[in-house]
Enquirer: 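First the structure, which I've put down as structure tokens, then a few questions once you've had a look.
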Amino acid sequence: MKFGFFFLNNPMKEIHITTTFEVFQSVADLSENIQALMQQAIETRKKAYAPYSHFRVGAAILLDNGKIVLGSNQENAAYPSGLCAERVAIYQAGAIYPDVRMLTIAITAASDSNPTLSPIPPCGSCRQSIAEYEFKQDTPIEIYFMGESGEVYKSNSINNLLPLSFNKTSL
């Protein structure tokens with residue numbers, strides 16, 4: 001038995017999506033205020049509760065009222081009940097300061113067993129959560145992310161990390 005397919009006037013087209021990141025060689029190359037924000041993320045990372053993965057993440061969010069909200073990953077033996085550092089921080093900011101814009105998020109990740117020398121971006125769930133708040137406030141949130149040391153990547157918006165995002169306009 002043979003199957004054959006042919007299409008007349010194929011309507012397929014391609015979409016090309018380009019993302020752009022700024023790359024800094026180290027935290028020392030960041031502006032002083034971003035260095036300070038990343039340092040808070042680093043200190044918060046050290047307080048992560050990660051007895052299962054031994055992978056610690058810290059996040060620090062600068063709000064437009066000058067406040068900084070921190071978060072570290074919180075694991076739980078009943079997977080997936082834990083929560084990532086980015087969502088701990090972003091949900092806390094949304095709960096305490098619901099009408100305050102988030103300007104910048106600094107994220108750092110480190111493993112207890114292997115060096116993390118490359119920038120570690122937010123996971124998919126965290127990207128979606130950041131997108132929700134960026135869409136809600138209708139202004140981009142700068143995202144800086146790194147491993148435990150080494151290069152730091154900067155994204156001017158979650159759209160670089162999550163193109164074609166899903167939001168309330170999709171519902």
Side-chain angles (χ1 to χ4, degrees), residues 17-75 82-97 100-163 165:
I17 298 173
T18 303
T19 61
T20 302
F21 298 92
E22 292 179 46
V23 178
F24 300 87
Q25 293 304 304
S26 71
V27 173
D29 294 330
L30 301 170
S31 67
E32 285 184 26
N33 63 328
I34 300 301
Q35 281 184 42
L37 190 66
M38 188 61 80
Q39 190 58 45
Q40 288 193 44
I42 291 167
E43 291 304 314
T44 302
R45 178 189 78 208
K46 295 174 184 176
K47 299 173 187 172
Y49 180 68
Y52 307 104
S53 71
H54 305 285
F55 189 78
R56 301 175 188 285
V57 182
I61 301 177
L62 173 63
L63 305 177
D64 76 351
N65 65 0
K67 302 286 185 185
I68 295 174
V69 178
L70 306 173
S72 62
N73 56 314
Q74 302 295 308
E75 294 182 351
L83 203 57
C84 299
E86 299 92 317
R87 285 182 286 153
V88 168
I90 206 162
Y91 293 156
Q92 180 173 313
I96 297 172
Y97 305 104
V100 178
R101 288 184 307 124
M102 298 176 202
L103 302 177
T104 307
I105 301 174
I107 305 162
T108 175
S111 169
D112 291 348
S113 55
N114 299 308
T116 53
L117 306 178
S118 298
I120 308 293
C123 74
S125 293
C126 290
R127 292 176 196 205
Q128 184 62 43
S129 296
I130 295 167
E132 181 71 22
Y133 282 87
E134 190 173 282
F135 188 81
K136 173 188 175 217
Q137 68 184 31
D138 196 28
T139 56
I141 300 170
E142 291 181 333
I143 304 166
Y144 291 82
F145 56 97
M146 63 180 288
E148 65 184 284
S149 63
E151 290 183 335
V152 180
Y153 286 7
K154 176 194 175 193
S155 173
N156 290 322
S157 167
I158 193 63
N159 290 329
N160 285 324
L161 291 163
L162 188 66
S165 63

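Quantities reported herein were computed from a predicted structural model and do not represent experimental measurements.
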Enquirer: Which value, rounded to the nearest 0.5 Å, describes the distance between Ile143 atom CD1 and Ser157 atom OG?
Expert: 7.0 Å
Enquirer: Is it true that, when you exclude Lys136 itself, more than 12 heavy atoms of the residues, nucleotides or ligands shown sit nearer than 6.0 Å to its NZ?
Expert: yes
Enquirer: Can you name the residues that form a salt bridge (Lys or Arg N to Asp or Glu O under 4.0 Å) with Arg45, not counting sequence neighbours?
Expert: none
Enquirer: Taking all non-hydrogen atoms of both residues, which atom of Gly71 and which atom of Ala89 are closest, and how far apart?
Expert: N-CB, 3.7 Å
Enquirer: With sequence neighbours left out, write down each residue that passes salt bridge (Lys or Arg N to Asp or Glu O under 4.0 Å) with Glu132, or none if nothing qualifies.
Expert: none
Enquirer: How about Ile141 and Leu103: do any of their side-chain heavy atoms sit closer than 4.5 Å?
Expert: no
Enquirer: Are any non-hydrogen side-chain atoms of Ile107 and Val57 less than 4.5 angstrom apart?
Expert: yes
Enquirer: Determine whether Val152 and Pro119 make a side-chain contact, defined as any pair of heavy atoms from C-beta on separated by less than 4.5 Å.
Expert: no
Enquirer: Closest approach of Leu162 and Ala131, non-hydrogen atoms and distance?
Expert: CD2-CB, 4.0 Å
Enquirer: For the side chain of Arg127 and the backbone of Leu161, is there at least one donor-acceptor N/O pair under 3.5 Å apart?
Expert: yes
Enquirer: Answer whether the closest heavy-atom distance between the side chains of Thr104 and Ile61 falls below 4.5 Å.
Expert: no
Enquirer: Suppose the criterion is side chain to side chain donor-acceptor pair (under 3.5 Å): which pairs have a residue in residues 59-73, not counting sequence neighbours?
Expert: Asp64-Arg101, Ser72-Gln74
Enquirer: Return the minimal non-hydrogen interatomic distance between Pro163 and Ile17, and the atom names on each side.
Expert: CB-CG2, 3.7 Å
Enquirer: Using every non-hydrogen atom in the two residues, find where Ala106 and Ala41 come nearest and quote the distance to one decimal.
Expert: O-CB, 3.6 Å
Enquirer: Once rounded to the nearest 0.5 Å, what's the spacing between atom CG of Leu30 and atom OG of Ser26?
Expert: 7.5 Å
Enquirer: If every non-hydrogen atom of Ala60 is compared with every non-hydrogen atom of Ile68, which pair is closest and at what distance?
Expert: CB-CG2, 4.2 Å
Enquirer: Determine which pairs satisfy ring-ring contact (aromatic ring centres under 6.0 Å, His included) with at least one residue from residues 37-67, sequence neighbours left out, and list them in order.
Expert: Tyr52-Tyr79
Enquirer: Using every non-hydrogen atom in the two residues, find where Pro122 and Glu86 come nearest and quote the distance to one decimal.
Expert: CA-OE2, 3.3 Å
Enquirer: If you measure from CD1 on Ile130 to OG on Ser125, what distance do you get to the nearest 0.5 Å?
Expert: 11.0 Å
Enquirer: Output yes when a side-chain donor or acceptor of Glu151 lies under 3.5 Å from a complementary backbone atom of Gln25, and no otherwise.
Expert: no
Enquirer: Starting at CZ of Phe135, measure out to CG of Asn159 and round the result to the nearest 0.5 Å.
Expert: 10.5 Å
Enquirer: Between Val69 and Leu63, is a side chain to side chain contact (heavy atoms under 4.5 Å, CB included) present by the stated rule, with each step listed?
Expert: CA-CA 8 Å; Val69 178; Leu63 305 177; 3.8 Å; yes
Enquirer: Which residues pass the ring-ring contact (aromatic ring centres under 6.0 Å, His included) test with Phe21, sequence neighbours left out?
Expert: none
Enquirer: Is there a side-chain contact between Ile105 and Glu142, using heavy atoms and a 4.5 Å cut-off?
Expert: no
Enquirer: Does any part of the side chain of Leu37, heavy atoms only, come nearer than 4.5 Å to the side chain of Tyr144, both counted from C-beta?
Expert: no
Enquirer: Report the residues that fulfil salt bridge (Lys or Arg N to Asp or Glu O under 4.0 Å) with Glu43, sequence neighbours left out, ordered by chain and then residue number.
Expert: Lys46
Enquirer: Any donor and acceptor pair, going by atom type alone, linking the side chain of Glu22 with main-chain N or O of Lys154 inside 3.5 Å?
Expert: no
Enquirer: With a 3.5 Å cut-off and no angle check, do the side chains of Thr19 and Asn160 form a donor-acceptor pair?
Expert: no
Enquirer: Does Arg56 reach the main-chain N or O of Ala110 with its side chain, forming a donor-acceptor pair under 3.5 Å?
Expert: no
Enquirer: Decide yes or no for Tyr153 and Pro121: does some side-chain heavy atom of the first lie under 4.5 Å from some side-chain heavy atom of the second?
Expert: no
Enquirer: Could you check whether any side-chain heavy atom of Glu134 comes within less than 4.5 Å of a side-chain heavy atom of Thr139, counting everything from C-beta outward?
Expert: no
Enquirer: Roughly how far, to the nearest 0.5 Å, is OG1 of Thr108 from CD of Glu148?
Expert: 7.5 Å
